[in-house]
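The structure appears below as structure tokens.
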Amino acid sequence: MSKPSKPDSSKRSFINQGAIDKMKANRKPLPDVAELVNGIKNQDRVLLSQAITLIESKLPNHQQLAQQVIDQCLPLTIPSIRIGITGTPGVGKSTFIEAFGSMLVDQGRRVAVLAVDPTSRVSHGSILGDKTRMASLSTDERAFVRPSSAGDSLGGVAQKTRETIVLLEAAGYDTILIETVGVGQSEVAVYSMVDFFLLLLLPGAGDELQGIKRGIVEMADLLVVNKADGDNLLLAKQSRQAYKNAIHLFPPTESGWIPKVRLCSALNKEGLPEIWDTVRSHHKELEASGYWDQCRQEQSAYWLRETVQRLLGERFYGDDRIKERLKTLEAEVLVGQRSPFAAATELVGLFMG
């Protein structure tokens, strides 16, 4: 019996290339800066999405356009409340955000969600499934849900999230929820771009307190024990008391705000109004003391320095001289012929020379 013939790979490749060429030919031209800014101003979600795509792009011409869009959107921004939401895997972040966001839009607020998906360190792929997990909120005209890949960015926050916030505020979104990948040592990246930091926790304070780094808890303005329903309710109440006791052991916050602990069942939509009341109380208290504006200014200065550091790194590793010399020096470091410090000093000298 003869074996079935294999498909002609060259023909398959030709067909695929033809399909690609057809897609490129039918692709609409990129909107110009004026069209994008006008669309954002008029709350056009399609043009807003295209502008965010420009921000996230690594192509030099896209980056130039994105910066022009950001500069022209800065005067259009409205005051907003930026809320960072984090928690251990399985705590129900997406369910909570959909329930919380839906409640807010029903109250007349315009809600934007920046949901950052983890990127595989093996395949470098990202699921980007937040629109599926937030099916109701993502189809609501009053809301905007944007999934992004975290990439290699510090703290699991997409590198361009800070710039995206400017566009969202220019588009009239007064409540911005930033969902992070999960609890980690570098959650300071989230903390440095939000006004309010919310930590979601599971019932069962004993194991949970052991598994969470103290620094994360110290950053939180509100600890929420989620899934406080059914058989978990009693355990959730015990967890709430344990967290309240733990918070008293921490030093006072710089703002003077005393972190709160709340119960919530995102699935049953219980406890959500109390959480929003806490956010508003925090806003009112910090605004009255002047700390709100001070914190925003400090965040802008922080991101100025972070951006400078990122741009320097991109130019350094993108330099052809560095690429070539790095291969040799790295090999010497690996076999112990050169110390990492001496090699780094030579590379920086080469770059600056």
Side-chain angles (χ1 to χ4, degrees), residues 19-82 101 104-105 108-117 126 128-132 134-151 153 157-179 193-194 296 299-300 303-304 306-308 310-311 314-315 318:
I20 293 172
D21 291 340
K22 185 177 180 180
M23 288 175 59
K24 288 182 177 179
N26 294 332
R27 184 182 297 166
K28 293 182 180 180
L30 192 69
D32 59 23
V33 173
E35 184 179 354
L36 287 170
V37 173
N38 191 55
I40 292 170
K41 182 180 179 180
N42 292 321
Q43 302 177 354
D44 186 315
R45 297 200 300 176
V46 173
L47 287 172
L48 173 60
S49 294
Q50 291 178 328
I52 295 174
T53 299
L54 280 181
I55 286 178
E56 294 176 346
S57 173
K58 293 184 178 181
L59 296 176
N61 61 320
H62 287 179
Q63 292 178 359
Q64 292 177 2
L65 287 174
Q67 286 306 312
Q68 294 178 47
V69 172
I70 292 170
D71 289 342
Q72 293 189 31
C73 281
L74 275 172
L76 305 175
T77 58
I78 66 166
S80 72
I81 295 180
R82 308 167 186 168
L104 293 178
V105 295
R109 299 192 70 87
R110 300 193 72 241
V111 177
V113 179
L114 299 179
V116 184
D117 262 315
S126 184
L128 300 178
D130 294 277
K131 284 198 171 184
T132 303
M134 303 178 195
S136 176
L137 189 62
S138 62
T139 56
D140 194 314
E141 290 293 329
R142 300 166 296 178
F144 179 83
V145 178
R146 175 74 179 198
S148 299
S149 169
S153 180
V157 180
Q159 190 173 359
K160 303 295 186 176
T161 301
R162 184 63 179 82
E163 290 92 334
T164 299
I165 290 174
V166 174
L167 303 192
L168 294 174
E169 292 175 343
Y173 291 99
D174 53 31
T175 309
I176 301 173
L177 310 179
I178 303 176
E179 176 192 5
M193 67 174 73
V194 299
R296 283 285 182 98
Q299 288 178 354
S300 295
W303 283 102
L304 167 63
E306 284 292 306
T307 304
V308 168
R310 175 176 60 82
L311 292 175
E314 290 176 356
R315 293 188 181 184

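Note that the structure is a prediction, hence the values are computed from the model and not measured.
The salt bridge (charged side-chain N to carboxylate O under 4.0 Å, His left out) check on Arg82 picks up Glu169, with sequence neighbours excluded. Residues satisfying the salt bridge (charged side-chain N to carboxylate O under 4.0 Å, His left out) criterion with Asp44, sequence neighbours excluded, are absent altogether. Every residue meeting the salt bridge (charged side-chain N to carboxylate O under 4.0 Å, His left out) condition with Arg142, not counting sequence neighbours, appears here in chain and number order: Asp106, Asp140. Under the side-chain contact (heavy atoms from CB on, under 4.5 Å) criterion, Thr307 pairs with Arg310, Leu311, sequence neighbours left out. Residues passing the side-chain contact (heavy atoms from CB on, under 4.5 Å) test with Asp32, sequence neighbours excluded: Ala34, Glu35.
The closest side-chain donor-acceptor pair between Arg146 and Thr53 falls under 3.5 angstrom.
Gln43 is listed as a side-chain neighbour of Arg110, based on a closest heavy-atom distance under 4.5 Å. Side-chain contact between Arg45 and Glu141 is present, with at least one heavy-atom pair separated by less than 4.5 Å. Under the 4.5 Å side-chain criterion, counting only non-hydrogen atoms from C-beta, Leu36 is not in contact with Gln72. By the 4.5 Å heavy-atom criterion applied to side chains, Leu47 and Asn38 are not counted as neighbours. Between Ser80 and Arg109, every side-chain heavy-atom pair lies at or beyond the 4.5 Å cut-off.
With a 6.0 Å radius and a threshold of 12 heavy atoms from other residues, nucleotides or ligands, Arg296 has its CZ atom above the threshold.
In summary, of the residues considered (Ile176, Ile178, Val194), a side-chain contact (heavy atoms from CB on, under 4.5 Å) with Thr161 occurs for Ile178 alone.
Residues Ser138 and Val145 share a closest heavy-atom pair of CA-CG2, 3.7 Å. Taking all atoms of both residues into account, the shortest heavy-atom contact from Leu167 to Ile40 is O-CG2, 3.6 Å.
In this structure, the separation between OG1 on Thr164 and CD1 on Ile52 is 5.0 Å, given to the nearest 0.5 Å.
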Throw together a table of side-chain donor-acceptor distances under 3.5 angstrom for residues 63-70, partners on residues two or more places apart or in other chains.
| residue | atom | partner | partner atom | Å |
| --- | --- | --- | --- | --- |
| Gln63 | NE2 | Lys58 | O | 3.3 |

